[in-house]
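Input: a single structure, listed below in structure tokens.
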Amino acid sequence: MTMTGSSASYEEMREREINTAAAVMSTSGPCRQIGDVYLTCVATAGLGMCRGLRASYEQCAKETRDGSKVVLGTLANQACGHVDGQDEKLLCAANLVNRELMRGFYGPEGAQDK
């Protein structure tokens, strides 16, 4: 079975949305503390002085990504029951997480407008 260009693009977009949501969940949850310490280091000491903290932060994100995807799957089943198919439910949940990220960045109205 061969995928067309548009199907491949949709699959790539779906996977990117899911990975972004998992990263958001990791960086705002279990990796938040080390991320804050890393950003504080960058702000005060400069980027080149914070390599060890950056490596710890990246390692945390890698280690927690799969767990975040499991949690995203649970959210998909709970919040996206109106959507058919597990892959589409997962995308629905990813969109919810990513929209909340944008809401926090742009404010309550910004997530719908951006």
Side-chain angles (χ1 to χ4, degrees):
M1 184 165 123
T2 305
M3 296 183 79
T4 64
S6 61
S7 295
S9 295
Y10 175 77
E11 291 297 320
E12 291 169 0
M13 181 276 308
R14 184 178 65 78
E15 195 62 29
R16 189 170 38 250
E17 286 294 312
I18 292 166
N19 286 335
T20 298
V24 166
M25 293 168 71
S26 291
T27 58
S28 62
C31 301
R32 177 65 188 258
Q33 186 175 16
I34 188 64
D36 287 351
V37 171
Y38 168 65
L39 291 175
T40 300
C41 179
V42 169
T44 59
L47 188 57
M49 303 302 295
C50 307
R51 288 186 184 108
L53 290 170
R54 178 180 175 174
S56 296
Y57 180 60
E58 289 174 346
Q59 186 65 32
C60 180
K62 287 178 187 175
E63 289 174 356
T64 59
R65 182 177 39 213
D66 289 341
S68 293
K69 285 185 178 181
V70 169
V71 173
L72 193 60
T74 301
L75 176 63
N77 291 327
Q78 293 174 353
C80 299
H82 61 285
V83 177
D84 292 331
Q86 192 60 33
D87 287 347
E88 296 307 311
K89 285 181 182 180
L90 199 55
L91 178 59
C92 170
N95 286 330
L96 290 172
V97 170
N98 293 333
R99 184 173 34 204
E100 284 304 309
L101 169 69
M102 298 311 292
R103 185 184 322 269
F105 185 73
Y106 289 110
E109 298 82 28
Q112 292 92 17
D113 299 335
K114 303 292 180 219

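Quick caveat: nothing in here was measured; it's all calculated off a predicted structure.
In plain terms, the two heavy atoms of Val42 and Cys50 that are nearest each other are N-SG, 3.4 Å. Between Val24 and Ser28, the shortest heavy-atom distance links the atoms O-OG, 2.6 Å. Counting all heavy atoms, side chain and backbone alike, Ser26 lies closest to Ala61 at OG-O, 4.2 Å. When every heavy atom of Ala93 is checked against every heavy atom of Cys80, the shortest pair comes out as N-SG, 3.5 Å.
Rounded to the nearest 0.5 angstrom, Ile34 CD1 and Cys60 SG are separated by 8.0 Å. To the nearest 0.5 Å, atoms OH (Tyr57) and CD (Gln33) are separated by 12.5 Å. Annotation: the span from Thr20 atom OG1 to Asn95 atom CG amounts to 10.0 Å, rounded to 0.5 Å. Here the SG atom belonging to Cys92 is positioned 11.0 Å from the CD1 atom belonging to Ile18, to the nearest 0.5 angstrom. Considering CG of Leu53 and CG of Leu39, their distance stands at 10.0 Å, rounded to 0.5 Å.
Applying the salt bridge (Lys or Arg N to Asp or Glu O under 4.0 Å) criterion to Lys89, with sequence neighbours excluded, gives no partner residue. Taking Glu15 as the reference, Asn19, Lys69 meet the side chain to side chain contact (heavy atoms under 4.5 Å, CB included) condition, with sequence neighbours excluded.
Glu88 CD: more than 12 foreign heavy atoms inside a 6.0 Å radius.
Listed by chain and number, the hydrophobic cluster partners of Leu96 come to none, as no ILVMFWY side chain reaches under 4.5 Å of it.
A heavy-atom distance below 4.5 Å is found between the side chains of Leu91 and Met13.
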Audit row: Arg54, Glu58, salt bridge (Lys or Arg N to Asp or Glu O under 4.0 Å) steps and yes/no: CA-CA 6 Å; Arg54 178 180 175 174; Glu58 289 174 346; 2.8 Å; yes
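Residues Val83 and Val71 fall into different hydrophobic clusters, defined by Ile, Leu, Val, Met, Phe, Trp and Tyr side chains chained together at heavy-atom separations under 4.5 Å.
Tested against Met25, the residues Cys31, Pro30, Ser68 include a single side-chain contact (heavy atoms from CB on, under 4.5 Å) partner, Ser68.
Note on Arg16 versus Glu12: no salt bridge recorded, every NZ/NE/NH1/NH2 to OD/OE distance being 4.0 Å or above. Look at Arg14 and Glu17 and you find no salt bridge, because none of the NZ, NE, NH1 or NH2 atoms lies under 4.0 Å from a carboxylate O.
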